Amino acid sequence: SAFNRGMVPGMQRAGEVMREMPKPLTTSASGAGGLTAWVRSSPETVDYYHVLEVERGADETGIKKAYRRLVDQLHPEKQPQQSTASRDKIRLVNRAYETLGNPLRRSVYDEALTAVDRIQAGIHLDTSYIKPRLSVPLEFLMCPLGHPDRFVRTGRTRIQVQSRDELPDVGFAEFFATAKLSLCWLPDVSNTCRIRVQESDSQEGLNFNFRLIEGSEFELVPGQSDRPENSSLVVTPSPFCHGTYRFESASKPGHYLSLISPSELRIVEWRHEEKGVFDFTLVDFSEAYKFTTMDEVLEGHVQSQGVDAGGFVRLSDLRVDLNVRMYFQNTLGGAVWNNKDFETFFEGHYERWEFDRKRARVRPRPREATPAGKPIAQGDYLRQLELAETWQQLVQALLGIGDSLKKLPTS
């Protein structure tokens with residue numbers, strides 16, 4: 001089995017995303033037993049260095065030059081008949097640059113790449129000195145290995161793995177408030193714990209609870225049970241990636257927490273290694289602010305200072321804004337961009353920003369809104385119901401479905 005060979009059980013390759021551009025991360029297909037691909041193809045798990053056409057060790061200057069060149073090639077002004085594929089490519093280039101240009105996100109991403117290298121070389125980390133009770137952050141964000149932009153989040157009735165791109169209308173604070181987790185270590189039991197939800201309406205708090213659904217698989221739900229068979233996990237360090245851990249059911253040995261689809265977590269038997277990713281990177285929650293996006297920082301300034309004609313803000317004013325400067329210093333670890341760098345960024349994000357090159361000023365494009373008087377499709381309400389995380393969201397979705405049903409013809 002993959003476990004006995006010391007492999008990271010992983011995600012099988014499901015085909016490349018946007019075949020012309022990204023290069024999925026895979027292990028070698030040769031060797032004893034035939035190593036399978038370990039990362040499922042998705043926008044979060046492609047080879048961002050390949051996307052930007054740079055070497056893995058490229059420095060900040062090299063990455064910035066590559067991004068500028070690709071934005072220039074893919075911008076609508078250079079491709080007036082731009083197809084959906086072209087728009088997808090520039091979005092992917094933006095995502096690659098935002099990951100590799102952010103030191104924290106790049107380090108998490110690079111650790112996943114290094115894990116692949118270790119698998120290919122058959123190298124195991126020495127984890128004998130790692131004490132999870134001391135090394136796991138008190139509060140943390142939980143990311144499946146190879147998915148640095150996807151976070152385990154707790155809703156009202158569900159536990160899911162989501163990226164911020166999937167929830168564009170959810171703000172930074174709201175998104176990460178439901179992604180803050182901690183471990184409740186059990187006394188006198190080595191490395192056994194419960195995963196605790198830090199932000200909860202319940203005064204007693206919530207744990208990750210397991211519920212049998214089929215065969216030997218368990219779904220995860222937020223709950224107050226502290227019975228070992230429903231909540232206790234044994235934590236062990238991953239032998240392939242620093243800061244990454246595995247979570248085994250304390251009452252069902254050989255059953256591990258696993259990401260089995262882009263958004264679903266389950267407890268499954270290790271022998272079903274083709275079902276998902278079993279290793280999870282734990283990012284100290286004190287560094288959550290470093291996942292703030294450039295768009296969020298810039299929009300905050302533009303909305304407060306957009307007093308120029310038509311709501312535009314000059315780049316010269318943007319560059320001296322205190323929040324912008326602090327973002328570059330504390331999150332990106334460097335000096336504020338020059339006008340040329342900002343110009344490249346806004347042209348790469350042309351769907352979100354309107355950039356006036358002649359006057360060196362910018363403003364956000366208006367968000368698409370539902371036409372007045374046109375009801376949202378019933379399917380959209382069902383999607384809102386599925387993603388509802390608060391009672392208010394749940395009620396809004398149910399009311400929307402009710403209104404849609406009233407409009408259906410009666411026989």
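Everything quoted here is computed from the prediction, not taken from an experiment.
- Atom CD of Glu60 has 12 or fewer neighbouring heavy atoms from other residues, nucleotides or ligands inside a 6.0 Å radius.
- Arg196 and Asp226 are not joined by a salt bridge, as no carboxylate oxygen comes within less than 4.0 angstrom of a charged side-chain nitrogen.
- Taking 4.0 Å as the cut-off between side-chain N and carboxylate O, Asp149 and Arg95 do not count as a salt-bridged pair.
- Salt bridge Asp72/Arg69: absent, no basic N to carboxylate O contact under 4.0 Å.
- In plain terms, the two heavy atoms of His301 and Leu318 that are nearest each other are CD2-CD1, 3.1 Å.
- Crowding of Ile213 atom CD1: a count of heavy atoms from other residues, nucleotides or ligands under 6.0 Å exceeding 12.
- The two residues Gln162 and Arg153 have their closest heavy-atom pair at OE1-NH1, 2.6 Å.
- Between Glu351 and Arg365 no salt bridge is recorded (no basic side-chain N to carboxylate O distance below 4.0 Å).
- A ring-centre distance under 6.0 Å is not found for Phe346 and Tyr350.
- Closest of all the heavy-atom pairs between Phe285 and Phe176 is CE1-O, 3.6 Å.
- The pair Glu296-Arg164 meets the salt-bridge criterion, with a side-chain N (NZ, NE, NH1 or NH2) lying under 4.0 Å from an Asp/Glu carboxylate O.
- Between the CD1 atom of Ile260 and the CG atom of Leu265 there is a distance of 8.5 Å, given to the nearest 0.5 Å.
- Ion pairing of Arg266 with Glu217 is present here, as a side-chain N (NZ or NE/NH1/NH2) and a carboxylate O approach within less than 4.0 Å.
- Distance check: Leu181 CG to Leu282 CG gives 9.0 Å after rounding to the nearest 0.5 Å.
- A salt bridge links Asp341 and Arg68; the closest N-O separation between the charged side-chain nitrogens and carboxylate oxygens is under 4.0 Å.
- Phe218 has its ring centre no less than 6.0 Å from the ring centre of Phe210.
- No more than 12 heavy atoms of other residues, nucleotides or ligands sit less than 6.0 Å from atom CZ of Arg359.
- Rounded to the nearest 0.5 Å, atoms NE2 (His147) and OG (Ser163) are 11.0 Å apart.
- A pairwise comparison of heavy atoms in Phe291 and Pro148 identifies CE2-O, 4.0 Å as the closest pair.
- How far CG of Leu125 is from CD1 of Ile130: 7.0 Å, rounded to the nearest 0.5 Å.
- Screening Ile195, Val152, Thr154, Ile159 against Leu220 for a side chain to side chain contact (heavy atoms under 4.5 Å, CB included) leaves a single residue, Ile159.
- Looking at heavy atoms from C-beta onward, Leu298 lies in side-chain contact with Phe345 at the 4.5 angstrom threshold.
- The backbone N or O of Tyr48 lies less than 3.5 Å from a partner atom in the side chain of Tyr109, making a donor-acceptor pair.
- Between Ile267 and Ser249, the shortest heavy-atom contact is CG2-CB, 4.3 Å.
- Between the OH atom of Tyr327 and the NZ atom of Lys290 there is a distance of 11.5 Å, given to the nearest 0.5 Å.
- Between Pro144 and Phe280 the shortest heavy-atom distance is CA-CD2, 3.7 Å.
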